Participant: 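One structure is given below, represented as C-alpha cells, and several questions about it will come after.
All values derive from a computational prediction rather than experimental measurement.
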Amino acid sequence: MAHPAPRTYIRTQERTTPRRRTGRRHPLVATLMALPLAVLLLVVFDGWETVTTQASSVGEMLGR
C-alpha cells in the first residue's frame, strides 16, 4: 500500500507559501509608494526649508 503523506505535505506547502513575482517594480509605482511617507515625514519634522534647499542644489547641479 502506498503512503500518501509525502504528496499531502507537498500540496499543503504549495497552498501556504505565497508566490512572489520576479522582476523589477516600475519606477512610477515605487515613487507612488514612497511619496506618502515622504510627505508625512516632511510635515512631522517640519523640513520644508531643507527640501527646498536640497531641490535647488539638485537643480543647479543638473543645469550644469
Side-chain angles (χ1 to χ4, degrees):
M1 184 169 218
H3 297 285
R7 282 186 285 156
T8 305
Y9 175 73
I10 290 171
R11 286 185 186 147
T12 304
Q13 197 170 17
E14 284 177 357
R15 276 186 255 138
T16 58
T17 53
R19 296 185 182 207
R20 290 186 164 198
R21 294 184 351 184
T22 58
R24 296 181 58 183
R25 183 175 287 127
H26 192 276
L28 184 60
V29 174
T31 302
L32 289 176
M33 289 172 63
L35 200 58
L37 179 61
V39 170
L40 177 70
L41 290 174
L42 247 162
V43 171
V44 169
F45 293 108
D46 198 30
W48 294 108
E49 190 175 313
T50 305
V51 170
T52 55
T53 304
Q54 292 294 326
S56 65
S57 298
V58 170
E60 288 176 12
M61 194 166 50
L62 291 174
R64 291 184 184 173

Participant: Tracing side-chain links under 4.5 Å among I, L, V, M, F, W and Y, which residues wind up in one group with M33?
Facilitator: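 Members other than M33 - counting any ILVMFWY side chain reachable under 4.5 Å - are V29.
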
Participant: About how many Å separate CG of D46 and CG of L41, when rounded to the nearest 0.5 Å?
Facilitator: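 Those atoms lie 12.5 Å apart.
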
Participant: Indicate if L28 and L35 have the same hydrophobic cluster label, given that clusters are the connected sets of ILVMFWY residues with side-chain heavy-atom separations under 4.5 angstrom.
Facilitator: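 Different clusters: L28 never reaches L35 through Ile, Leu, Val, Met, Phe, Trp or Tyr contacts under 4.5 Å.
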
